[in-house]
Amino acid sequence: MTDQELLQAIGQVIEAKLDPVRQDICELKGSIQRLDSRMDRLELNIDRLESRMDQLESRIKQLELGMDKLESRTEELEEKVNGIRIYMDTEQKRTMNLLLEGQQALWDRFVPNEEYDPLKDRTEVLELVVKRHSQEIRELQLA
């Protein structure tokens, strides 16, 4: 065998041994390309998530501001309600007491029915006596 033939034979042996390695390298290249594609999609998804997180943080800040305003309004409302309670406790009670005192004074001025009935009877008797006396006076004047 000549050198040339030996070299060709060695080349064929090396080629035969290198073919599986080349196939493995091609498969690795395909896998790497798929991984690169997946990484690109993952980075895109991460960018979207970051954008959504920024929007969410902005909304949370707005909600916190709204909550602060709501708490402030609630405190103002509580102060007003406390003021109304104090007014009702003091002024309304005082006003009601004055009204009740005035009402009591009116009731005190009324004559109870028990005392009114005998006065009514006496008044009727006096009216009858006055009529009778008036008639007697007229008769005496005519005579």
Side-chain angles (χ1 to χ4, degrees), residues 1-139 141:
M1 241 186 176
T2 63
D3 286 335
Q4 189 67 16
E5 290 175 347
L6 279 173
L7 282 174
Q8 282 181 352
I10 292 173
Q12 287 176 353
V13 169
I14 290 176
E15 278 296 318
K17 299 251 177 185
L18 284 178
D19 275 344
V21 171
R22 283 185 184 141
Q23 285 179 348
D24 287 345
I25 290 174
C26 285
E27 288 175 11
L28 284 174
K29 281 183 181 179
S31 294
I32 289 173
Q33 287 174 349
R34 287 191 300 272
L35 282 174
D36 281 343
S37 172
R38 286 182 179 172
M39 286 294 291
D40 290 341
R41 285 183 290 185
L42 184 60
E43 286 175 354
L44 181 63
N45 286 339
I46 288 172
D47 290 342
R48 287 179 185 162
L49 282 174
E50 286 176 347
S51 173
R52 287 184 179 173
M53 286 296 291
D54 291 341
Q55 291 173 354
L56 185 60
E57 286 175 358
S58 173
R59 287 182 181 171
I60 288 172
K61 286 179 183 177
Q62 289 175 349
L63 283 173
E64 287 174 348
L65 287 174
M67 287 297 293
D68 290 342
K69 287 180 183 178
L70 186 61
E71 286 175 4
S72 173
R73 287 181 180 173
T74 302
E75 289 172 0
E76 289 175 11
L77 184 60
E78 286 176 352
E79 288 176 12
K80 287 180 181 179
V81 167
N82 285 337
I84 291 171
R85 283 184 184 151
I86 290 170
Y87 172 77
M88 289 184 75
D89 286 345
T90 57
E91 292 298 318
Q92 294 297 323
K93 282 183 181 179
R94 187 176 67 82
T95 303
M96 288 301 291
N97 286 337
L98 289 173
L99 285 172
L100 290 174
E101 287 174 13
Q103 187 69 25
Q104 186 62 44
L106 287 174
W107 279 110
D108 291 344
R109 288 176 39 197
F110 284 120
V111 177
N113 278 341
E114 301 86 35
E115 293 177 18
Y116 179 72
D117 288 338
L119 288 176
K120 184 178 176 184
D121 293 341
R122 288 181 66 195
T123 304
E124 287 176 2
V125 168
L126 285 173
E127 285 177 355
L128 288 173
V129 169
V130 168
K131 281 182 186 178
R132 187 170 155 213
H133 286 169
S134 294
Q135 186 176 357
E136 288 177 2
I137 290 172
R138 266 185 260 137
E139 288 176 1
Q141 285 177 345

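Keep in mind that this is a model prediction, so the values were computed, not measured.
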Point to revise | Value rounded to 0.5 Å, distance of CZ in Arg122 from CD in Glu127 | key: 13.5 Å
Exercise for review: Indicate yes or no for a side-chain donor-acceptor contact from Thr90 to the backbone of Ile86 under 3.5 Å, with no hydrogens or angles considered.
Suggested key: yes
Check your understanding: Can you check whether Glu64 reaches Ile60 side chain to side chain, under 4.5 Å on heavy atoms?
Key -> yes
Check your understanding: Roughly how far, to the nearest 0.5 Å, is CG of Leu42 from CG of Asp36?
Key -> 12.0 Å
**Study point:** Leu77 side, atom CG; Leu70 side, atom CG - distance, nearest 0.5 Å
**Key:** 10.5 Å
Point to revise | Residue pair His133, Val129: steps toward the side chain to side chain contact (heavy atoms under 4.5 Å, CB included) verdict | key: CA-CA 6 Å; His133 286 169; Val129 169; 3.4 Å; yes
Study note, to complete from the structure: Between the CG atom in Leu100 and the NZ atom in Lys93, the distance rounded to the nearest 0.5 Å is 13.0 Å
Practice item. Nearest 0.5 Å please: distance from the CG atom of Leu18 over to the CG atom of Asp24. Key: 11.5 Å
Review point. Side chains of Glu78 and Val81: closer than 4.5 Å at any heavy-atom pair?
Key: no
Exercise for review: Would you indicate whether the side-chain heavy atoms of Glu15 and Asp19 approach each other to under 4.5 Å?
Suggested key: yes
Check your understanding: Do the non-hydrogen side-chain atoms of Val130 and Ser134 ever get within less than 4.5 Å of each other?
Key -> yes
**Study point:** Heavy-atom check, side chain of Arg52 versus side chain of Leu56, under 4.5 Å
**Key:** no
Exercise for review: Tell me, yes or no, whether the heavy-atom count around Gln4 atom CD, taken from other residues, nucleotides or ligands under 6.0 Å, exceeds 12.
Suggested key: no
Check your understanding: Which value, rounded to the nearest 0.5 Å, describes the distance between Leu98 atom CG and Gln103 atom CD?
Key -> 13.0 Å
Exercise for review: Please check if atom CG in Asp89 has more than 12 non-hydrogen atoms from other residues, nucleotides or ligands closer than 6.0 Å.
Suggested key: yes
Exercise for review: For the pair Glu91 and Arg94, find out whether any cationic side-chain nitrogen is under 4.0 Å from an anionic carboxylate oxygen.
Suggested key: yes
Check your understanding: Given side chains that start at C-beta, do those of Asp54 and Glu57 come closer than 4.5 Å, heavy atoms only?
Key -> yes
Point to revise | Heavy-atom side-chain proximity of Ile25 to Val21 below 4.5 angstrom | key: yes
Exercise for review: State whether the side chain of Ser31 and the backbone N or O of Glu27 hold a donor-acceptor pair below 3.5 Å, judged by distance alone.
Suggested key: yes
**Study point:** Candidate pair Glu5 and Thr2, rule side chain to side chain contact (heavy atoms under 4.5 Å, CB included), full reasoning
**Key:** CA-CA 5 Å; Glu5 290 175 347; Thr2 63; 3.4 Å; yes
Check your understanding: Does one side chain, of Ser51 or Arg48, offer a donor that lies under 3.5 Å from an acceptor on the other?
Key -> no
Point to revise | Beyond-backbone contact of Glu43 with Asp40, side-chain heavy atoms, under 4.5 angstrom | key: yes
Practice item. Take atom CZ of Arg22 as the centre, draw a 6.0 Å sphere, and report whether it contains more than 12 heavy atoms from other residues, nucleotides or ligands. Key: yes
Exercise for review: Begin from the C-alpha positions of Arg41 and Arg38 and carry the test side chain to side chain contact (heavy atoms under 4.5 Å, CB included) through to its verdict.
Suggested key: CA-CA 5 Å; Arg41 285 183 290 185; Arg38 286 182 179 172; 3.2 Å; yes
